[in-house]
J.: 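Please find one structure pasted underneath; my questions will follow.
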Amino acid sequence: MIRDELALRLRSAMERLVAAGEVPEGDYDLPEIAESKSPEHGDYASNFALTAAKKAGLSPRELGERLQKALAADAAFESVDLAGPGFLNLKLTTAALIATVGDVLELGEAYARTRADAPRRINIEFVSVNPNGPITVGSGRGAAFGSTLANVLSSAGHTVHREYYINDGVNSEQMRLFAESVKALVEGRAVPENGYKGDYVQAVADAIGVSGDHGTGWFQTQSQAIMLAKQRDDLATFGVEFDTWFSEQSLHDGGLVDACLLELEAKRMADDEPYRTVLKLAKGGKVEEVERQDQPQDEDDADGTGNTVWLRSTKFADDMDRVLRRKDGRLTYIASDVAYHRDKFSRPLNADKLITVLGPDHHGYIGRLTAVVAALLERPDQHGDGTPLDPIEARIYRTSDERDACAAALAEAKERLEVVIFQIVRFVKEGKPAPMRKRDGNIYALIDLLDELGKIQAPDADLDEQRRIGRDVARYFYLMRSHETHMDFDIDLATKRSDENPVFYVQYAHARIEAVLRKAEEEGLVQFGMPSRDVLGLLTDPRERALIKKIADLPWEVRRCAEDYGVHRLTSYAVELARAYHHFYDGCRVVQPTQPDLSRARIALCRSAQIGLRAVFGLLGISAPERM
RNA sequence: GCGCCCGUAGCUCAGUGGAUAGAGCAGCCGCCUUCUAAGCGGUAGGUCGGAAGUUCGAUUCUUCUCGGGCGCGCCA
């Protein structure tokens with residue numbers, strides 16, 4: 001990777017200066033290498049002299065001059081200039097640049113992979129919607145983001161496990177309502193008030209057909225299975241696959257939820273005392289006041305099945321305690337989550353770190369989910385430093401040891417569980433917001449979006465091809481924006497005017513390369529094996545240099561994305577790489593029978609550009625068409 | 001009230017504390033007898049919501065403020 005290489009060369013120049021006594025010893029950071037914005041600034045630039053000047057006790061210009069001198073001895077640089085307040089502008093020799101082309105051709109798409117400094121086994125859970133409807137265009141964003149993030153993490157050297165959590169619990173209020181809606185339709189009755197009304201509900205009812213005398217539970221099982229299969233198909237069409245489809249109900253069936261509740265009660269992280277703790281938080285999250293709200297048992301409730309069981313999540317900075325078991329004995333959704341996370345951590349192959357990708361409406365869920373994990377991790381035998389409880393803490397914790405154990409557990413939970421929220425997508429159709437709630441029937445299914453996009457683009461193609469196009473456009477569109485920013489999805493723009501979508505710009509570059517390579521083959525210029533260094537050394541045009549540098553940047557981009565999850569930058573990178581190729585294509589004719597060596601060098605460059613494009617397309621989950 | 005996110009070109013949005021803030025689309029002017037014109041070149045378009053602070057340097061970090069979206073259930 002060129003940037004890493006340059007950073008190391010800069011550092012070793014610094015070490016030479018230290019050894020020569022020209023610069024004091026110190027704990028200098030690894031230099032940063034940036035792309036130069038204009039050609040007169042060379043290929044790359046570093047602000048190292050600026051950032052290290054203070055530690056070196058020199059002015060930035062002075063340190064810059066010494067570094068410049070030390071770097072002049074390095075054969076990789078054609079020139080090293082000192083500019084502005086102390087920027088080092090680095091121009092590479094052709095020999096140093098073309099080494100990249102050789103590397104890429106040798107490694108193929110694997111050149112984009114890097115080795116993580118700290119490789120981890122990561123479980124990434126995403127989409128995970130209720131099996132009560134098709135995957136919507138809203139979930140599409142989570143699907144595109146989650147699958148791409150998984151690809152990126154894997155490419156950055158981590159072991160990645162993709163997981164879908166099926167919310168099929170029999171206690172689920174929503175799923176019961178869905179089952180009742182289906183049951184009503186099958187039995188020819190009106191769906192209940194607040195029930196599910198979309199066409200797809202009728203489709204589920206039709207698929208189930210004539211009823212015997214079945215209860216709601218039977219309908220729930222049947223309709224869930226139908227919806228789940230549909231979701232799985234739609235996601236696969238969208239290019240999203242999972243290693244594990246995990247059933248919530250299986251936790252109940254295996255008795256794991258009950259076992260976890262007992263465990264938490266034994267640790268006194270949960271209990272059935274008749275109160276709920278509620279924290280009043282000041283700005284910045286500091287606890288201002290602790291309120292205990294009495295939750296008296298309802299005296300009229302004669303069945304007396306038991307008391308409400310609370311998770312004392314306020315011990316872990318959640319703003320209120322959460323119900324694990326309702327008074328009537330039914331378990332809540334979060335109770336399943338306790339067992340689910342216990343299960344996830346207990347699996348030997350993916351226990352390091354959990355990433356959970358949730359939609360914007362689940363923002364309020366982060367605190368309690370983190371508290372769930374912390375409660376599981378809390379070790380009651382731990383002792384703290386004995387600092388007495390202050391009056392506020394005394395209303396939350398029993399002892400100072402418990403406070404310290406909980407703090408330690410919370411810190412560990414935050415380390416091991418990362419909840420990533422993607423922001424809302426607003427769908428606009430015919431200039432108006434298009435609501436897509438499942439219950440009012442006005443849903444917008446992801447698969448319908450793919451079909452629409454494909455039909456406009458390729459009216460004569462078959463359905464598979466249309467959906468491929470739809471998938472490429474939709475995935476690219478979702479991924480263009482940062483997951484943490486709101487986005488408008490203008491459906492009219494995405495369909496009627498989709499030829500304006502930049503996905504075609506980047507794919508066109510790939511199709512163009514294919515055309516050039518076909519032409520080269522016709523002219524008998526295709527060679528097997530690597531062109532010699534002398535031949536590759538003919539790649540000296542600025543457009544060739546720019547293309548090589550852009551190809552070389554992919555591993556660096558992947559690593560950045562893996563660090564901060566900003567996978568949307570890959571779409572920008574794809575555009576930049578495609579642009580670099582289009583510029584090269586425009587200015588440098590590849591196939592020239594009168595100049596076979598130059599042609600071969602350029603063919604090699606085309607091939608590495610193609611490898612780069614395919615690699616980034618693979619990460620984004622879009623196709624690399626041979627013709628357009 | 002508390003929390004998360006956003007405010008950058010006409011529109012939709014990029015922009016790891018660095019040099020002259022970018023792209024696509026929309027607008028205007030050019031370029032196909034040569035490998036795909038779904039392309040390329042040129043042109044026009046900006047008080048980076050506002051104010052203070054940190055810094056050699058702030059669109060980027062901190063605080064405040066104005067405007068907008070969303071979330072704060074014994075629903076998931």
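So that the names make sense, note that chain A is the first sequence line, chain B the second, and so on, each numbered from 1. Bear in mind that the values here come from a model prediction, so they are computed numbers and not experimental data.
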J.: Under 4.0 Å between a side-chain N or O of A:Lys280 and OP1 or OP2 of B:rC2?
T.: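 Answer is no, no contact under 4.0 Å.
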
J.: Quick one: is A:Arg602 getting a side-chain N or O under 4.0 Å of the B:rC35 phosphate, OP1 or OP2?
T.: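 For B:rC35, OP1/OP2 do not have a side-chain N/O of A:Arg602 under 4.0 Å.
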
J.: With a distance cut-off below 6.0 Å to the six-membered ring centre and an angular limit of 45° from the axis, does A:Arg512 pair with A:Tyr581 as a cation-pi contact?
T.: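 No.
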
J.: Ignoring hydrogens and geometry, is there a side-chain-to-backbone donor-acceptor pair from A:Thr332 to A:Val323 under 3.5 Å?
T.: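 Between the backbone of A:Val323 and the side chain of A:Thr332 there is a qualifying donor-acceptor contact (under 3.5 Å).
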
J.: Looking only at atom P, what distance separates B:rC48 and B:rG10, rounded to whole Å?
T.: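 Their P atoms lie roughly 13 Å apart.
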
J.: Check A:Tyr565 against A:Phe145 and note the closest heavy-atom contact, atom names and distance.
T.: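 Here A:Tyr565 and A:Phe145 meet closest at O-CE1, 3.5 Å.
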
J.: Report which part of the nucleic acid A:Cys588 touches: base, sugar-phosphate, or nothing (heavy-atom distance under 4.0 Å, all strands).
T.: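 Base, at least one base atom sits under 4.0 Å.
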
J.: Quick one, A:His341 and A:Asp337 - any side-chain contact, counting heavy atoms below 4.5 Å?
T.: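 A side-chain contact exists here, since the closest heavy-atom pair is under 4.5 Å.
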
J.: Between B:rA9 and B:rU33, how far is it from one C1' atom to the other, in whole Å?
T.: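 Going atom to atom, C1' in each nucleotide, I get 40 Å.
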
J.: Hey, is NZ on A:Lys55 packed in by over 12 heavy atoms from elsewhere, all under 6.0 Å?
T.: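 Atom NZ in A:Lys55 is crowded, with more than 12 foreign heavy atoms closer than 6.0 Å.
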
J.: Taking C-beta and beyond as the side chain, do A:Tyr340 and A:Glu125 meet within less than 4.5 Å on heavy atoms?
T.: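 With C-beta onward as the side chain, the pair touches.
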
J.: Please give the distance between the P atoms of B:rA44 and B:rA23 as a whole number of Å.
T.: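 My reading of the P atoms in B:rA44 and B:rA23 gives 13 Å.
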
J.: Any N/O pairs under 3.5 Å between the protein and nucleotides 58-66 of chain B? List them or say none.
T.:
none

J.: Could you list, one pair per line, each protein nitrogen or oxygen that sits under 3.5 Å from a nitrogen or oxygen of nucleotides 39-46 of chain B, together with the distance?
T.:
residue : atom : partner  : partner atom : Å
B:rG39  : O2'  : A:Arg512 : NH1          : 2.7
B:rG39  : O2'  : A:Arg512 : NH2          : 3.4
B:rC40  : OP1  : A:Tyr505 : OH           : 2.6
B:rC40  : O2'  : A:Asp586 : OD2          : 2.7
B:rG41  : OP1  : A:His583 : NE2          : 2.7

J.: What's A:Arg627 touching, base or sugar-phosphate or nothing? Going by heavy atoms closer than 4.0 Å.
T.: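 Here A:Arg627 touches the bases of the nucleic acid.
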
J.: Step through the shown structure and confirm whether more than 12 heavy atoms of other residues, nucleotides or ligands are within 6.0 Å of CG on A:Asp117.
T.: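 No - once you tally the heavy atoms of other residues, nucleotides and ligands closer than 6.0 Å, there are 12 at most.
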
J.: Show the numbers, then the answer: is there a salt bridge (charged side-chain N to carboxylate O under 4.0 Å, His left out) between A:Arg559 and A:Asp4?
T.: CA-CA 12 Å; A:Arg559 195 174 57 193; A:Asp4 284 357; 3.1 Å; yes

J.: Mind checking the C1' distance from B:rU8 to B:rC13? Whole angstroms is fine.
T.: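 My reading of the C1' atoms in B:rU8 and B:rC13 gives 9 Å.
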
J.: For nucleotides B:rU59 and B:rU47, find the distance between their C1' atoms and express it as a whole number of Å.
T.: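 Looking at atom C1' only, B:rU59 and B:rU47 are 13 Å apart.
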
J.: Within the structure shown, what part of the strands sits under 4.0 Å from A:Ile421 by heavy-atom distance: base, sugar-phosphate, or nothing?
T.: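 Nothing, no nucleic acid heavy atom in range.
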
J.: Name the nucleic acid region contacted by A:Arg368, choosing base, sugar-phosphate or nothing; use a 4.0 angstrom heavy-atom cut-off, strictly under.
T.: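 A:Arg368: base contact, heavy atoms under 4.0 Å.
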
J.: Starting at the 5' end of RNA chain B, which residue's closest nucleotide do you reach first, A:Ala511 or A:Tyr365?
T.: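 Comparing both residues, the 5'-ward one is A:Ala511.
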
J.: List the protein contact pattern of nucleotides 13-19 of chain B with one symbol per nucleotide (5' to 3'): B for base contact, S for sugar-phosphate-only contact, - for none; contact means a heavy-atom distance under 4.0 Å.
T.: SSSB-BB

J.: Are any side-chain N or O atoms of A:Gln68 and backbone N or O atoms of A:Leu88, one a donor and one an acceptor, separated by less than 3.5 Å?
T.: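 Judged by distance alone, no pair lies under 3.5 Å.
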
